[in-house]
Student: 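My structure is below; once you've seen it, I'll send some questions.
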Amino acid sequence: MKWIICFCESENIGLWRLFTRNRKGFSHVFAVHYDVDNGTWHSYEFSTHGFRFRHYKDKEADILFVNMMEHWTCVEINAEDKPIYMPRLMYCVSFVKHILSVNKFWVLTPYQLYCELLKNGGVRMFEKETGD
């Protein structure tokens, strides 16, 4: 299954700020998937506010897509369909790692996950052109 993994800046609380302060734009991560059968976009997110599962269609989908293009760093990746047996702490990175079946315990921060996805066939989306 293809996923778009979105990395963004977020108002982090507690110790998490210490782990993410050096990578601007990489303090939070969530997953987005397009359902071809229903023509809807779905986002799956875990944060200090709990789980958020949202469905987007029509104008709401347009706003989601604009945010992906203009404000977030997005990586498209094909997830492997294999179970993960290792217990883990629940936070945004572990949640997305579980969706993608990434079984690398040393990937702790959103930026580390970003680098891991690119190493494993992920493609950065919506690259902005530079005027050379």
Side-chain angles (χ1 to χ4, degrees):
M1 176 183 292
K2 286 206 185 260
W3 290 91
I4 298 173
I5 308 304
C6 302
F7 300 89
C8 61
E9 196 60 33
S10 151
E11 293 288 329
N12 288 324
I13 61 172
L15 288 175
W16 189 243
R17 279 188 239 162
L18 300 174
F19 292 103
T20 61
R21 68 179 171 192
N22 292 330
R23 297 289 181 186
K24 189 83 171 148
F26 288 91
S27 62
H28 185 60
V29 61
F30 61 95
V32 174
H33 171 72
Y34 182 69
D35 184 349
V36 177
D37 296 331
N38 296 322
T40 57
W41 288 88
H42 305 279
S43 70
Y44 304 88
E45 181 176 14
F46 182 78
S47 70
T48 53
H49 303 289
F51 289 102
R52 290 185 181 163
F53 304 111
R54 296 184 180 122
H55 309 286
Y56 303 92
K57 197 168 187 152
D58 303 323
K59 286 188 179 187
E60 290 178 331
D62 292 343
I63 293 168
L64 173 70
F65 209 71
V66 166
N67 280 321
M68 287 194 294
M69 288 176 31
E70 298 294 325
H71 303 291
W72 305 328
T73 301
C74 298
V75 174
E76 182 182 43
I77 191 152
N78 204 10
E80 294 183 36
D81 190 19
K82 62 181 182 183
I84 296 177
Y85 300 106
M86 182 188 304
R88 32 181 97 174
L89 296 172
M90 184 58 81
Y91 66 109
C92 66
V93 175
S94 65
F95 180 70
V96 172
K97 283 171 45 177
H98 196 75
I99 288 173
L100 300 176
S101 298
V102 173
N103 199 13
K104 308 239 169 127
F105 68 89
W106 59 87
V107 175
L108 300 173
T109 68
Y111 187 75
Q112 289 173 328
L113 179 61
Y114 169 74
C115 293
E116 186 65 29
L117 295 180
L118 292 181
K119 281 196 305 190
N120 290 297
V123 177
R124 185 164 172 172
M125 301 178 69
F126 315 118
E127 290 283 335
K128 293 180 177 53
E129 293 182 23
T130 56
D132 292 333

Student: Please assess Trp72 against Leu64 for the test side-chain contact (heavy atoms from CB on, under 4.5 Å), listing each intermediate value before the final yes or no.
Tutor: CA-CA 10 Å; Trp72 305 328; Leu64 173 70; 3.9 Å; yes
Student: By ring-ring contact (aromatic ring centres under 6.0 Å, His included), which residues pair with Tyr34, not counting sequence neighbours?
Tutor: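 If we apply the ring-ring contact (aromatic ring centres under 6.0 Å, His included) test to Tyr34, skipping adjacent residues, the hits are Trp41.
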Student: Which residue pairs satisfy the salt bridge (Lys or Arg N to Asp or Glu O under 4.0 Å) criterion with at least one member in residues 25-46, sequence neighbours excluded?
Tutor: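 Passing the test, one end in residues 25-46: Glu45-Arg54.
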Student: Could you work out, with side chain to side chain contact (heavy atoms under 4.5 Å, CB included) as the rule, every residue matching Ser47, not counting sequence neighbours?
Tutor: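 Applying side chain to side chain contact (heavy atoms under 4.5 Å, CB included) to Ser47 gives His28, His49.
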Student: Hey, quick one: are Val66 and Tyr56 part of the same hydrophobic cluster, counting side-chain heavy atoms closer than 4.5 Å, chains of contacts allowed?
Tutor: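 Shared cluster, no.
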Student: Could you pull out all residues at least two apart from Asn120 that satisfy side-chain hydrogen bond (donor to acceptor under 3.5 Å, both in side chains)?
Tutor: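 By the side-chain hydrogen bond (donor to acceptor under 3.5 Å, both in side chains) rule, Asn120 matches Glu116.
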Student: Run the side-chain hydrogen bond (donor to acceptor under 3.5 Å, both in side chains) test against Arg52 and tell me which residues pass, sequence neighbours left out.
Tutor: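 With sequence neighbours excluded, Arg52 shows a side-chain hydrogen bond (donor to acceptor under 3.5 Å, both in side chains) to no residue whatsoever.
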Student: Kindly work out whether a path of hydrophobic side-chain contacts (I/L/V/M/F/W/Y, heavy atoms less than 4.5 Å apart) joins Phe30 to Ile63.
Tutor: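 In one cluster with Phe30: Ile63, no.
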Student: In Å, rounded to the nearest 0.5 Å, how long is the span from CG of Leu118 to CG of Leu113?
Tutor: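 Here the interatomic distance stands at 9.5 Å.
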Student: Using 0.5 Å steps for rounding, measure from the CE atom of Met125 to the OG1 atom of Thr73.
Tutor: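 Here the interatomic distance stands at 12.0 Å.
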Student: In Å, rounded to the nearest 0.5 Å, how long is the span from CE of Met68 to CD of Glu76?
Tutor: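 Result: 10.0 Å between the selected atoms.
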Student: From Ile5 CD1 over to Leu117 CG, what is the distance, rounded to the nearest 0.5 angstrom?
Tutor: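 These two atoms lie 6.5 Å from each other.
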Student: Quick check: closest heavy atoms across Ser43 and Val32, and the distance to 0.1 Å?
Tutor: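 Closest heavy-atom pair between Ser43 and Val32: CB-CG2, 4.1 Å.
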Student: Hey, what do you get for CZ (Phe126) to SG (Cys74), rounding to the nearest 0.5 Å?
Tutor: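 Answer for the CZ-SG pair, Phe126 versus Cys74, is 5.5 Å.
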Student: Please identify each residue that fulfils side chain to side chain contact (heavy atoms under 4.5 Å, CB included) with Gln112, with sequence neighbours left out.
Tutor: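 Checked Gln112 against side chain to side chain contact (heavy atoms under 4.5 Å, CB included); matches are Val107, Leu108, Thr109.
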Student: Quick check: does any side chain N or O of Ser10 sit under 3.5 Å from a backbone N or O of Ser27, one acting as donor and the other as acceptor?
Tutor: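 No, because the side chain of Ser10 does not come within donor-acceptor range (under 3.5 Å) of the backbone of Ser27.
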Student: Suppose we screen for side chain to side chain contact (heavy atoms under 4.5 Å, CB included). Which residues come up paired with Phe53, at least two apart in sequence or across chains?
Tutor: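 Phe53 satisfies side chain to side chain contact (heavy atoms under 4.5 Å, CB included) with Tyr44, Phe51, Phe95 only.
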Student: I want to check something: taking the side chain as every heavy atom from C-beta on, are Ser94 and Phe46 in contact at a cut-off of under 4.5 Å?
Tutor: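 With C-beta onward as the side chain, the pair stays apart.
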Student: Of all residues at least two apart in sequence or in a different chain, which pass the ring-ring contact (aromatic ring centres under 6.0 Å, His included) check with Tyr114?
Tutor: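 If we apply the ring-ring contact (aromatic ring centres under 6.0 Å, His included) test to Tyr114, skipping adjacent residues, the hits are Phe7, Phe26, Tyr111.
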Student: Listed by chain and number, what are the side chain to side chain contact (heavy atoms under 4.5 Å, CB included) partners of Lys59, not counting sequence neighbours?
Tutor: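 Expected list: none.
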Student: Just by distance, do the side chain of Lys57 and the backbone of Asn38 share a donor-acceptor pair under 3.5 Å?
Tutor: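 Yes; judged by distance alone, with no hydrogens or angles, the pair exists.
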Student: For the residue pair Ala31 and Val96, what are the closest heavy atoms and their distance?
Tutor: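 Heavy atoms only, the tightest pair is N-CG2, 4.2 Å.
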Student: Ignoring hydrogens and geometry, is there a side-chain-to-backbone donor-acceptor pair from Lys97 to Lys104 under 3.5 Å?
Tutor: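 Such a contact is found between Lys97 side chain and Lys104 backbone.
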Student: By side-chain hydrogen bond (donor to acceptor under 3.5 Å, both in side chains), which residues pair with His42, not counting sequence neighbours?
Tutor: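 With neighbours one apart ignored, the set is Thr40, His55.
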Student: Do Val123 and Ile99 sit in one hydrophobic cluster, given that two such residues count as connected whenever their side-chain heavy atoms are within less than 4.5 Å of each other, even indirectly?
Tutor: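 No, no single cluster joins them.
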